[in-house]
2 protein chains.
Amino acid sequence: MTEPRLRADACRNRERILAAACEALVEHGPEVSIEEIARRAGVGNATIYRRFCGRHDLLHHVGLEVLGVLTEEAERARAEEVDALSALRRFAHRASNRSLAAVLPMVYGQTADDEPLHAARERLLGLVKNLMTSAQTTGMMRNDLCLGDFLTALAKLTRPLPGSPRPVVDTVRRQIDLLIDGLRTQRCCTCPERPASSRTHAGPVGSTTDD
Amino acid sequence: MTEPRLRADACRNRERILAAACEALVEHGPEVSIEEIARRAGVGNATIYRRFCGRHDLLHHVGLEVLGVLTEEAERARAEEVDALSALRRFAHRASNRSLAAVLPMVYGQTADDEPLHAARERLLGLVKNLMTSAQTTGMMRNDLCLGDFLTALAKLTRPLPGSPRPVVDTVRRQIDLLIDGLRTQRCCTCPERPASSRTHAGPVGSTTDD
DNA sequence: GCTAAACGGAGACTACCTCCCCGGTTATTT
DNA sequence: AAATAACCGGGGAGGTAGTCTCCGTTTAGC
């Protein structure tokens with residue numbers, strides 16, 4: 001049964017294609033062209049068609065990969081952080097890496113009635129929902145919020161605006177901290193007191209460092 | 001000197017085109033097609049070319065109009081609200097109507113070195129900047145934030161995610177309130193204690209009511 | 001009711017996108 | 001190190017969609 005294992009370079013290219021697809025999706029929206037993804041990945045467009053059978057299949061695998069990473073992050077955050085709100089904050093930060101949270105809405109629209117994708121999604125939603133209710137029942141988080149508020153806010157903040165040369169990671173992080181602080185019941189500043197740069201727009205272009 | 005005044009129907013159509021362009025821009029991104037805008041406005045595409053000389057000119061006027069409305073809103077908010085933070089909140093709510101705040105980043109990328117647009121933009125930025133420093137010096141708003149943090153967050157939250165049938169106004173409002181609460185120095189819940197719907201995603205599709 | 005302004009649709013032309021084929025390149029195996 | 005099979009990028013055919021213009025018809029305003 002199949003999967004004769006990919007050659008090393010083919011495997012590398014497959015990863016690159018998936019990563020490029022994520023980037024391209026969040027920047028250009030759901031109907032980004034295959035050519036654009038290929039350009040970004042630094043491969044010929046034929047390579048994409050060789051590895052995936054068509055657009056739908058590509059997006060399917062993008063979705064699966066992203067959902068997998070996020071689910072794992074949610075589990076680790078829950079396990080390694082002491083309280084639910086810190087876990088949510090950590091999860092949010094991880095989800096902002098490579099705009100992961102913003103990829104999902106782009107994929108869903110294009111892959112209707114895709115069963116495994118739907119299942120993976122429900123699993124992630126369940127985990128985050130648990131974190132939220134846990135934070136709420138322990139009194140750390142306000143009660144007038146539902147899952148959708150948090151997740152769509154996360155997706156929106158994570159998604160880069162067109163025109164920004166490279167998403168300034170620092171800004172996104174700060175915005176997420178702001179959001180989390182808004183979620184809190186009591187004020188307890190989690191945001192490092194980084195002096196505000198008085199410049200109007202983006203500061204130095206930060207590298208996408210992992211947390 | 002020129003501007004022989006438009007006929008009533010032409011004038012109406014011009015408004016419709018500008019409004020449709022805003023909608024289309026925030027939904028499809030900066031390189032949305034003229035055809036799509038015409039479809040949305042319910043006019044033939046020739047009508048757009050009759051009223052504006054090309055894509056650049058259309059976006060220029062979209063930008064001017066949006067900047068004009070937002071500037072006026074900022075001034076009114078400052079004049080009519082008692083404190084700077086309330087003014088910011090009010091401004092943010094108004095800017096979320098018709099996704100106004102999200103239109104601007106779409107326009108800027110396409111209209112480089114457009115002097116009047118740039119001037120109008122600086123004017124608005126100045127007003128908002130004043131509101132922010134005012135809120136900060138009176139101790140209502142945390143100091144580790146700059147103009148860009150607030151404005152890009154506003155633009156992102158205001159921009160609809162692809163796939164959402166109609167932006168659920170209620171959700172956007174709540175997210176903005178969350179953001180403003182995150183800005184505060186002390187907790188003082190501005191958010192009406194609307195009981196959280198436990199449903200996973202969007203609740204009822206709200207109409208885009210003005211504030 | 002007349003006239004000039006405005007309208008929508010259709011058409012020419014272009015650009016880009018999808019998908020496949022082919023001659024050259026590279027990883028792997030012995 | 002040579003053989004071989006997997007893999008690669010570029011280019012091309014066919015198709016779709018976009019931009020902008022022309023033209024016969026409709027409509028607002030006097």
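Each chain gets a letter, A, B and so on, in the order the sequences are listed, and its residues count up from 1.
C/dA6 atom P lies 16 Å from atom CZ of B/R16, rounded to whole Å. Straight-line distance from the CZ atom of A/R39 to the P atom of D/dG9: 14 Å, rounded to whole Å. Counting to the nearest Å, the C1' atom of C/dA15 and the CZ atom of B/R55 are 14 Å from each other. When rounded to the nearest whole Å, the span between CD of A/E35 and C1' of C/dA15 equals 11 Å. To the nearest angstrom, P of D/dC20 lies 11 Å from CG of B/L58. Atom CD1 in A/I37 sits about 11 Å away from atom P in C/dC17, given to the nearest Å. Atom CD1 of B/I34 and atom P of C/dC13 are 21 Å apart (whole Å). Rounded to whole angstrom, the span from the CD atom of A/E31 across to the P atom of C/dC16 amounts to 17 Å.
Side-chain contact check for B/L59 versus B/F52: every heavy-atom pair is 4.5 Å or farther apart. Looking at heavy atoms from C-beta onward, B/R50 lies in side-chain contact with B/T47 at the 4.5 angstrom threshold. For the pair A/R40/A/E27, a side-chain contact is recorded, criterion being any heavy-atom separation below 4.5 Å from C-beta on.
A donor-acceptor pair under 3.5 Å is formed between the side chain of A/S99 and the backbone N or O of A/T158.
Between the CG atom in A/L178 and the CZ atom in A/R173 there is a gap of 13.5 Å [rounded to 0.5 Å].
Near DNA chain C, meaning a heavy atom under 4.0 Å away, the residues from residues 43-53 of chain A are A/N45, A/A46, A/Y49.
Nearest-nucleotide positions on DNA chain C for B/C11 and A/E36 put B/C11 closer to the 5' end.
With respect to the salt-bridge test (charged N to carboxylate O, under 4.0 angstrom), the residues A/R174 and A/D170 qualify. B/E36 has a carboxylate O that lies under 4.0 Å from a charged side-chain N of B/R39, or vice versa, which qualifies the two as a salt bridge. Residues B/E75 and B/R78 are not paired through a salt bridge, judged by the lack of any N-O separation under 4.0 Å between the basic side chain and the carboxylate.
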What string of B, S and - do you get for nucleotides 25-30 of chain D, 5' to 3', if B is base contact, S is sugar-phosphate-only contact and - is no contact with any protein heavy atom under 4.0 Å?
-> --BSS-
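For C/dA6, neither phosphate oxygen OP1 nor OP2 lies less than 4.0 angstrom from any side-chain nitrogen or oxygen of B/N13.
Tested against B/E81 for a salt bridge (charged side-chain N to carboxylate O under 4.0 Å, His left out), the candidates B/R94, B/R89, B/R90 yield a single pass: B/R90.
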